[in-house]
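Atoms considered below: every heavy atom in the structure, side chains included; atoms not considered: hydrogens, waters and symmetry mates. No experiment lies behind these values; they were computed from the predicted model shown.
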Amino acid sequence: MKVLKQVSILIVTCSVLVQCSKEKKVERSLYKKEGTWSITSVSWQKVLQDTSGQSVSQGTTANAGTFMFDKDGSGSYNFTVDGTIYNETFAWSVNNTTVSITKVSQNVDFTGGGSIEQIAISFSGDQKDKKNFEIQGSDSRQYASGSISQKVFTGTFSLTKQ
């Protein structure tokens, strides 16, 4: 019985170490060599809804920009799709081999008539190999300042280590 308990503890310990090892490998690959990842391609959809109606556009863009990952779990992206520039900071984390990118913020300005801006960013994906990631998700923004509008960008990004 005692041997069985020791073997069980050893198996659990090994599986925890392997899990942590995978996460650390993925984390290090993200921020290694200045943490810059090129967006080799992105398949996207943009939806704009405001008081005048809704518009939807979609497509695929090559060499759209970059994602940057810092060792401290912060990062940023800067890319251009269909003439629109997306530039934002975010927090990132790794669970097993899945990378999660998130940001939620709200800015309220009561001067000059008042305005509210809300941002919700959520992307996640897996490392394909040491130099390639695929992530998907959205960048959503709501604005209220005299009128109300919402912009939602949804995409699947192929990232390659620079």
Side-chain angles (χ1 to χ4, degrees), residues 11-50 55-109 115-145 149-162:
I11 290 171
V12 169
T13 302
C14 287
S15 67
V16 167
L17 289 174
V18 167
Q19 172 106 5
C20 291
S21 175
K22 281 182 186 179
E23 286 180 8
K24 288 296 178 191
K25 262 184 164 175
V26 172
E27 285 177 12
R28 281 193 290 279
S29 71
L30 284 172
Y31 60 76
K32 190 176 178 182
K33 295 184 182 176
E34 299 181 17
T36 303
W37 291 76
S38 296
I39 301 169
T40 52
S41 71
V42 55
S43 298
W44 52 269
Q45 181 179 47
K46 293 187 334 181
V47 178
L48 170 61
Q49 185 164 345
D50 58 21
S55 67
V56 179
S57 56
Q58 57 189 6
T60 301
T61 303
N63 303 316
T66 59
F67 275 73
M68 302 265 308
F69 295 88
D70 295 323
K71 188 175 183 175
D72 67 359
S74 65
S76 62
Y77 56 74
N78 185 0
F79 61 90
T80 303
V81 168
D82 194 34
T84 303
I85 297 171
Y86 296 86
N87 186 345
E88 196 60 63
T89 60
F90 56 78
W92 64 271
S93 62
V94 176
N95 184 3
N96 198 5
T97 59
T98 301
V99 177
S100 297
I101 296 170
T102 58
K103 178 174 185 168
V104 176
S105 70
Q106 181 173 339
N107 184 23
V108 179
D109 181 3
S115 66
I116 299 172
E117 175 187 36
Q118 296 176 323
I119 300 171
I121 295 168
S122 177
F123 292 100
S124 68
D126 292 304
Q127 187 173 23
K128 300 300 180 193
D129 57 47
K130 284 184 178 182
K131 293 193 172 215
N132 295 288
F133 262 93
E134 183 172 287
I135 59 172
Q136 55 192 5
S138 64
D139 176 318
S140 293
R141 297 163 186 267
Q142 295 84 32
Y143 303 95
S145 178
S149 67
Q150 179 172 338
K151 297 176 182 180
V152 179
F153 173 91
T154 305
T156 300
F157 294 82
S158 293
L159 303 178
T160 302
K161 186 70 170 179
Q162 284 190 333

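- Shown here are the side chain to side chain donor-acceptor pair (under 3.5 Å) partners of Ser76, two or more places apart in sequence or in another chain: there are none.
- Asn96 and Thr98 share no side-chain donor-acceptor pair at under 3.5 Å.
- A search for ring pair (Phe, Tyr, Trp, His ring centres under 6.0 Å) contacts involving Phe79 returns Tyr77, Tyr86, Phe153, Phe157, not counting sequence neighbours.
- Residue Ile135 comes nearest to Phe123 through the heavy atom pair CD1-CB, 4.4 Å, listed as atom of the first residue, atom of the second, then distance.
- Two residues are said to be in side-chain contact when any heavy atoms from C-beta on lie closer than 4.5 Å; Val104 and Ile119 fail this criterion.
- The minimum heavy-atom distance between Lys161 and Gly35, with the atom names listed, is NZ-CA, 3.6 Å.
- Contacts of Ser145 classified as side-chain contact (heavy atoms from CB on, under 4.5 Å), with partners at least two apart in sequence or in another chain: Ser115.
- Tested against Trp37, the residues Phe133, Tyr31, Phe67 include a single ring pair (Phe, Tyr, Trp, His ring centres under 6.0 Å) partner, Phe133.
- Inter-residue side-chain proximity for Trp44 and Ser57 is flagged as met; some heavy-atom pair is nearer than 4.5 Å.
- Counting only heavy atoms from C-beta outward, the side chains of Val99 and Leu30 approach each other to under 4.5 Å.
- For Ser149, the side-chain contact (heavy atoms from CB on, under 4.5 Å) partners two or more places apart in sequence, or in a different chain, are Asp50, Tyr143.
- Residue Lys151 holds its NZ atom at 13.5 Å from CD of Gln49, rounded to the nearest 0.5 Å.
- Side-chain contact annotation: Lys103 with Thr89, donor-acceptor N/O pair under 3.5 Å present.
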- [ ] For the pair Thr66 and Ile39, evaluate side chain to side chain contact (heavy atoms under 4.5 Å, CB included) and give the outcome as yes or no after the intermediate values.
- [x] CA-CA 5 Å; Thr66 59; Ile39 301 169; 5.7 Å; no
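- Looking only at side-chain heavy atoms (C-beta outward), Gln58 and Lys46 stay at 4.5 Å or farther from each other.
- Proximity of Glu88 to Asn78: side-chain heavy atoms (C-beta onward) are nowhere separated by under 4.5 Å.
- Between Val26 and Arg28, every side-chain heavy-atom pair lies at or beyond the 4.5 Å cut-off.
- By the 4.5 Å heavy-atom criterion applied to side chains, Thr60 and Val42 are not counted as neighbours.
- The shortest side-chain heavy-atom distance between Gln150 and Leu48 does not fall under the 4.5 Å cut-off.
- Residues forming a ring pair (Phe, Tyr, Trp, His ring centres under 6.0 Å) with Trp92 (at least two apart in sequence, or on another chain): Phe69.
- Lys128 meets the side-chain contact (heavy atoms from CB on, under 4.5 Å) test with Asn132, Glu134; sequence neighbours excluded.
- In this model, no donor atom of one side chain and acceptor atom of the other lie less than 3.5 Å apart for Thr97 and Gln127.
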